[in-house]
Amino acid sequence: MKRLSVAELLDIVVDQGTFQSWDEEPIVPAGGISEDYAADLAAAREKSGVDEAVVTGEGMVKGRRVALVACEFRFLAGSIGVAAAERLVRAIERATAEGLPVLAGPASGGTRMQEGTVAFLSMVKITAAVHAHRKAGLPFLVYLRHPTTGGVFASWGSLGHFTVAEPGALVGFLGPRVYEQIYNQPFPEGVQTSDNLHRHGIIDGIIGPERIPETVSKVLNILMGAREVPSPVADPHTAPEVEPKDTHAWDIITASRNPDRPGVRELLRWGASDVVPLSGTSQGESDRGLLLALARFGSAPAIVLGQDRQRQRSHEPMGPAALRQARRGMALAGELHIPLVTVIDTPGAALSKAAEEGGLAGEIARSLSDLVTLKAPTVSLIMGEGSGGGALALIPTDRVLTAQNGWLSPLPPEGASAIVYRDTEHAAEMAQYQQVQAEHLKANGIADRIIAEKPDATDEPQEFVKRVASALEFEIIDLMRKPIHRRYGQRLDRYRALGL
């Protein structure tokens, strides 16, 4: 694998001629340095062509001003000592003060051993600077380069809102050579690789350096959305031309279960732009029953949490890891004030030993708590099946939209029948009795808007999805332009008043 220098990386990522260095003369550690270490530093400068292991500055990426911090591995393996840490902190603090997103490109063996514990504890102030940057509502993006290990990976390398890595990169906490020397055996193969981390939902993707500019541009088009509120758009009038008054609930449920019905993937494919998938919880879990992505609906930015109906039915029901993924999306929306869209389309949460032991009920409760109290604008869309706790966890938002053949119920109708009649033969009767259909959801104040199906989304998938996207764009922008306290208060009042 060819290891890019910082200069080569910047040539690829930054618009030509726009990079401006922020670097000043490196400071000398307060405790001084030995003659041998001074010679090592001089040799590192000669070898690498830079004066420290970290290069900082700003540049334009696809026309957008971005702060950049990156390691030069040829300078003492990109290790972080007192001077490098101070340079990082000053750059991140400057980016925070100037309202700039940060793109970080670590490639490091970790803490600089020649400076010992003082350098080791420098990771604390770097982490604090990143935290303050994030709390200011500014995106912190990370591109993990080969190799990234030790204290760098365990601090600023793992604090990205969005994190991707170089293909085939060595990424891990304890370097394999150190492990082998300490334990007298090799580290298991294939664990400390960028590809393995992606499979386990720790990072969001694998991209080559040539894809960084386009990816960063897409991500920042979404994540800077709270600072770039779109102009209002016209209401698309997506309610059905004739409100269905006598539709039997079982007909709706049958239509929603059609395997050819469009779901969240079709919504993103045909109704959205700048789509960037996010992977897992970033903490070692992922559940393919829930899709997490950044996207734009028209001019409206959003973080999308979508229940993937096909994966739930063909693989396994939605488990607690899916809700932990959802809560990652909620936290991201809350920190950056980005609108959140939840897409409800589930036959129900998992009923299993693994789900119970994995804390499913607690995750439903925490998802409810996070969502109903989120300060960002929120919209939920009942796209098809809305069954049980899995649907409940994603429903309490500022605006609730439903497809004409969408429905919402405490349990699948078969489950409700089993509770009341001790059989499943009364499922259709129970669904009708519970008033699960869209027109009742709207009449009862649960849904705000019904999106037409002409006559069924399965028969006109692209047209239906485009109507959904237009409705989402309108609702998101309308909410973005309302004061936070008003939105938040109205959301809580809505759920206090239900059924009264």
Side-chain angles (χ1 to χ4, degrees), residues 13-15 58-69 91-92 94-105 129-144 156-165 203-205 207 211-230 268 272-282 291-306 325-342 370 374-379 472-473 476-477 479-481 484:
V13 174
V14 179
D15 297 352
E58 65 170 88
M60 305 296 283
V61 179
K62 293 286 187 180
R64 184 187 290 276
R65 188 175 172 224
V66 176
L68 301 114
V69 297
I92 295 166
R94 178 172 174 177
T96 306
E98 297 189 19
L100 296 179
V102 170
L103 173 60
V130 174
H131 177 81
H133 183 79
R134 291 177 52 132
K135 287 301 178 185
L138 292 163
F140 188 79
L141 314 183
V142 177
Y143 182 62
L144 299 169
W156 55 289
S158 291
L159 292 176
H161 290 107
F162 174 76
T163 303
V164 291
I203 63 175
D204 293 307
I207 66 172
R211 290 179 55 199
I212 296 174
E214 185 64 31
T215 302
V216 167
S217 177
K218 285 183 176 182
V219 170
L220 293 181
N221 280 346
I222 310 301
L223 297 189
M224 293 295 283
R227 294 167 179 262
E228 301 163 357
V229 178
L268 293 176
S273 61
D274 286 344
V275 177
V276 180
L278 305 182
S279 178
T281 62
S282 76
L291 188 149
L292 176 59
L294 310 178
R296 293 176 75 87
F297 297 101
S299 58
I303 294 167
V304 180
L305 311 178
Q325 280 177 205
R327 292 179 61 218
R328 177 198 172 194
M330 295 173 196
L332 189 62
E335 190 161 88
L336 295 175
H337 314 293
I338 305 300
L340 182 78
V341 171
T342 70
D370 290 354
L374 196 65
K375 294 299 176 68
T378 55
V379 180
L472 288 172
E473 180 187 23
I476 291 168
I477 294 175
L479 290 168
M480 290 181 78
R481 302 182 71 83
I484 291 175

- request: Using the side chain to side chain contact (heavy atoms under 4.5 Å, CB included) rule, take Thr342 and Thr378 through it: C-alpha gap first, then chi angles, then the decisive distance, then the call.
  value: CA-CA 8 Å; Thr342 70; Thr378 55; over 6 Å; no
statement: Closest non-hydrogen atoms of Gly280 and Leu292, given as atom of the first, atom of the second and distance, are O-CD2, 4.1 Å
- request: Using a 4.5 Å cut-off on heavy atoms from C-beta on, say whether the side chain of Val69 contacts that of Trp156.
  value: yes
task: May I ask you to test the Pro339-Val379 pair for a side-chain heavy-atom distance under 4.5 Å?
output: no
task: Tell me, please, which residues at least two apart from Pro277 pass side chain to side chain contact (heavy atoms under 4.5 Å, CB included).
output: none
query: For Leu159, does its backbone N or O pair with a side-chain atom of Arg134 as donor and acceptor, under 3.5 Å?
result: yes
message: Apply side chain to side chain contact (heavy atoms under 4.5 Å, CB included) to residues Ile212 and Leu103 and explain how you reach the verdict.
response: CA-CA 10 Å; Ile212 296 174; Leu103 173 60; 4.1 Å; yes
field: Nearest-0.5 Å distance that lies between atom CG in Leu294 and atom CD1 in Ile338
entry: 9.0 Å
Interatomic distance, Glu214 atom CD to Lys62 atom NZ [nearest 0.5 angstrom]: 5.0 Å
message: Is there a side-chain contact between Val216 and Tyr143 in this structure, where contact means two heavy atoms from C-beta onward sitting under 4.5 Å apart?
response: no
message: As a quick check of understanding, evaluate side chain to side chain contact (heavy atoms under 4.5 Å, CB included) for Phe297 and Val304, giving each step before the final call.
response: CA-CA 10 Å; Phe297 297 101; Val304 180; 3.9 Å; yes
message: Looking at every heavy atom in both Thr163 and Gly157, which two are closest together, and how far apart are they?
response: CG2-O, 4.5 Å
task: Would you sort out whether Arg211 and Val164 count as a side chain to side chain contact (heavy atoms under 4.5 Å, CB included), showing the intermediate values?
output: CA-CA 11 Å; Arg211 290 179 55 199; Val164 291; over 6 Å; no
- request: Please answer whether the main-chain N or O of Phe140 pairs with a side-chain N or O of His161 as donor and acceptor at a distance below 3.5 Å.
  value: yes
- prompt: Would you call Ile303 and Leu336 a side-chain contact if the rule is heavy atoms closer than 4.5 Å?
  reply: no
- prompt: From Phe162 CZ over to Ser279 OG, what is the distance, rounded to the nearest 0.5 angstrom?
  reply: 10.0 Å
statement: Of all heavy-atom pairs linking Pro230 and Ser299, the shortest is CG-O, 3.1 Å
message: To check you understand the geometry: which heavy-atom pair defines the closest contact between Leu68 and Gly59, and what is its length?
response: CD1-N, 3.5 Å
Val102 side chain reached by Leu138 side chain, heavy atoms, under 4.5 Å: no
- request: Indicate the atoms forming the closest heavy-atom contact of Leu268 with Ala295, along with that distance.
  value: CD2-CB, 3.9 Å
message: On a heavy-atom basis, which atom in Ala333 and which in Leu374 lie closest, and how many Å separate them?
response: CB-CD2, 4.2 Å
Just list the side-chain donor-acceptor pairs under 3.5 Å for residues 219-227, sequence neighbours left out, or say none.
unit_1: Asn221; atom_1: OD1; unit_2: Arg64; atom_2: NH2; d: 3.2
unit_1: Asn221; atom_1: ND2; unit_2: Ser217; atom_2: O; d: 3.3
unit_1: Asn221; atom_1: ND2; unit_2: Asp274; atom_2: OD2; d: 3.2
unit_1: Arg227; atom_1: NH2; unit_2: Ala136; atom_2: O; d: 2.9

CZ on Arg327 to CG on Leu332, rounded to 0.5 Å: 14.0 Å
query: How long is the span from the CG atom in Leu479 to the CD1 atom in Ile484, to the nearest 0.5 Å?
result: 12.0 Å
query: Would you say Arg296's side chain and Glu473's backbone share a donor-acceptor pair under 3.5 angstrom?
result: no
field: Residues which pass salt bridge (Lys or Arg N to Asp or Glu O under 4.0 Å) with Glu98, listed by chain and number, not counting sequence neighbours
entry: Arg65, Arg94
message: Do Pro301 and Glu228 make a side-chain contact, defined as non-hydrogen atoms from C-beta onward lying under 4.5 Å apart?
response: no
query: Can you tell me how far CG of Leu278 sits from CD1 of Ile203, rounded to the nearest 0.5 angstrom?
result: 12.0 Å
